[in-house]
Amino acid sequence: MARLPKNEEVGSKQFADFDLGGKTFIVTGGARGLGLALAEGLVEAGGRVYCIDIAEEPDEEWKVAQKRVNPAWGGRLEYRQQDVCDTENLSRIIEETADENQQLNGVIAAAGVNQVTPAIEYSAQDASKLLAINLTAVLETASSAAKMMIKYKCGGSICLIASMSGLVANKGMKSPVYNASKAALIQLAKNLAMEWSLPKDESTPGIRVNCISPGHIITPMVEENFRQQPELKDLWRKENMMGRLARPDEFKGAALFLLSNASSFMTGSNIVIDGGHTAW
């Protein structure tokens, strides 16, 4: 029987279970949009956060976010350039980050792309490229992170960014491969949680794995969809109970919860945050 872990944080200070001070995190797809918002949430809680993305230099959105970092909170926001599809070098960067900090406490796999194309027009090449980013690279991110968490015996938490698109077919958006990839992440999280959550021994804690499934968010990727299909914005607004689309910052709390001690007994789960879209 696994030993019940003792929570040394109880009563030590306000919101101690959410404190990430002194801990190290990686966020893929962290240069902008949802990934960047989630990274900022971890920084605000005191975490050292390394954003991995494909651009050689982060754009203005990331630079503005870095300027918002308050040194008094103890957090830090760093950038590492890497194409997540280059899994060999992705693994190397994750290893180097862990070695540099002598730990890796959490990872958010937020890198992902969409392609709106009817199923009968989808090429095998396009499908393979999308799955390489949305599924294969996520598996590599999680696996490489888990190896480092085991190496440094720090346990940790891994959060995969899935989507409500993995649960429903989005009205008006013909994106069969994207939706299938997000459904795969929900199942992947369950399987990785089954493999890694149990402590290896008394000195090597288990690794928790969970998902966040957002609803429709105003991000650069979604805005590109609206340029192609302007009618989608009003349609998607009407499809949820709140009558609007989400902002990236509305998911920061969920990510902080999953990567902190506040969710210490949670693994293999999928948090759906969609304004009630899938509830009716």
Side-chain angles (χ1 to χ4, degrees), residues 15 17-18 27 29-30 32-42 44-45 61 108-119 130 134 138 157 159-190 193 208-260 262-263 265-280:
F15 301 112
D17 280 334
F18 293 92
V27 179
R32 61 178 186 163
L34 180 61
L36 177 57
L38 303 185
E40 281 198 85
L42 304 183
E44 289 170 14
E61 182 183 0
I108 299 176
V113 295
N114 191 7
Q115 179 176 331
V116 179
T117 304
L130 189 146
N134 288 13
V138 172
S157 177
C159 174
L160 312 184
I161 301 303
S163 172
M164 74 169 190
S165 301
L167 302 169
V168 297
N170 310 76
K171 289 184 179 179
M173 186 173 78
K174 297 175 182 178
S175 53
V177 181
Y178 173 81
N179 288 25
S181 72
K182 294 302 182 179
L185 290 189
I186 296 170
Q187 182 64 20
L188 179 63
K190 294 177 182 180
R208 299 183 297 107
V209 186
N210 294 286
C211 275
I212 295 176
S213 284
H216 293 300
I217 318 169
I218 298 295
T219 66
M221 186 171 71
V222 172
E223 287 175 337
E224 178 60 32
N225 287 340
F226 292 157
R227 281 190 282 274
Q228 297 177 24
Q229 297 176 268
E231 71 281 2
L232 284 183
K233 181 179 286 190
D234 286 338
L235 174 63
W236 288 352
R237 284 171 175 167
K238 294 173 184 176
E239 286 297 309
N240 72 57
M241 295 176 180
M242 301 182 75
R244 66 175 178 85
L245 306 185
R247 304 185 311 271
D249 63 277
E250 293 184 287
F251 301 85
K252 289 162 60 178
L256 174 57
F257 170 67
L258 289 179
L259 270 70
S260 70
S263 60
F265 194 56
M266 186 173 184
T267 196
S269 293
N270 178 34
I271 300 179
V272 180
I273 307 174
D274 64 359
H277 187 113
T278 59
W280 64 359

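Note: hydrogens, waters and symmetry copies are ignored here, and every other heavy atom, side chains too, is used.
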Once you round to the nearest 0.5 Å, how far does OG of Ser260 lie from CG of Leu42? 9.0 Å
Excluding sequence neighbours, so at least two apart, what forms side-chain hydrogen bond (donor to acceptor under 3.5 Å, both in side chains) with Gln228? Glu224
Of all heavy-atom pairs linking Val116 and Met173, the shortest is CG2-CG, 4.0 Å
Would you check if Thr117 and Lys174 make a side-chain contact, meaning some heavy-atom pair closer than 4.5 Å? no
Over all atoms of both residues, closest heavy-atom pair of Ala162 and Pro214: O-CD, 3.5 Å
Can you tell me how far OG of Ser165 sits from NE2 of His277, rounded to the nearest 0.5 angstrom? 8.0 Å
Strictly below 4.0 Å, N to O, side chains only: are Glu223 and Lys233 in salt-bridge contact? no
Under 3.5 Å: donor-acceptor pair, side chain of Arg208, backbone of Met266: yes
Any idea which heavy atoms bring Leu258 and Cys159 closest together, and the distance? CD1-SG, 3.9 Å
Check whether any side-chain heavy atom of Arg247 sits under 4.5 Å from a side-chain heavy atom of Ile217, and report yes or no. no
One should read off an interatomic distance between Ser263 OG and Phe18 CZ, to the nearest 0.5 angstrom, of 8.5 Å
List in chain and number order the residues that pass side chain to side chain contact (heavy atoms under 4.5 Å, CB included) with Val222, two or more places apart in sequence or in another chain; answer none if no residue qualifies. Thr219, Phe226, Trp236
So Trp280 and Met241, do their side chains get closer than 4.5 Å, heavy atoms only? yes
Looking at side-chain heavy atoms only, is the closest gap between Val113 and Tyr178 below 4.5 Å? no
Is a side-chain N or O of Thr267 found less than 3.5 angstrom from the main chain of Ala193, in a donor-acceptor match? no
With rounding to the nearest 0.5 Å, note down the distance linking CG in Asp234 to CD in Glu239. 11.5 Å
Looking at CG of Leu232 and CZ of Arg237, how far apart are the two atoms once the value is rounded to the nearest 0.5 Å? 11.5 Å
Among all residues two or more places apart in sequence or in another chain, which pass the side-chain hydrogen bond (donor to acceptor under 3.5 Å, both in side chains) test with Lys252? Glu44
So among Asn134, Val138, Ile108, Val27, which one has a side chain to side chain contact (heavy atoms under 4.5 Å, CB included) with Ile161? Ile108
Would you name the heavy atoms of Ala45 and Leu256 that are closest together and state the gap between them? CB-CD1, 3.6 Å
Once rounded to the nearest 0.5 Å, what's the spacing between atom CZ of Arg32 and atom CG of Leu34? 12.0 Å
Show the nearest heavy-atom pair for residues Asp274 and Met164, with the distance to one decimal. CB-SD, 3.7 Å
Lys171 and Leu235 have their tightest heavy-atom pair at O-CD2, 3.4 Å
Give the C-alpha distance, both sets of side-chain angles, the deciding distance and a yes or no for side chain to side chain contact (heavy atoms under 4.5 Å, CB included) between Glu61 and Leu36. CA-CA 9 Å; Glu61 182 183 0; Leu36 177 57; 3.6 Å; yes
Taking side chain as C-beta onward, heavy atoms only, is Leu130 less than 4.5 Å from Ser181? yes
Do Asn210 and Asn270 have a side chain donor and acceptor closer than 3.5 Å? no
Decide yes or no for Ser213 and Ile186: does some side-chain heavy atom of the first lie under 4.5 Å from some side-chain heavy atom of the second? yes
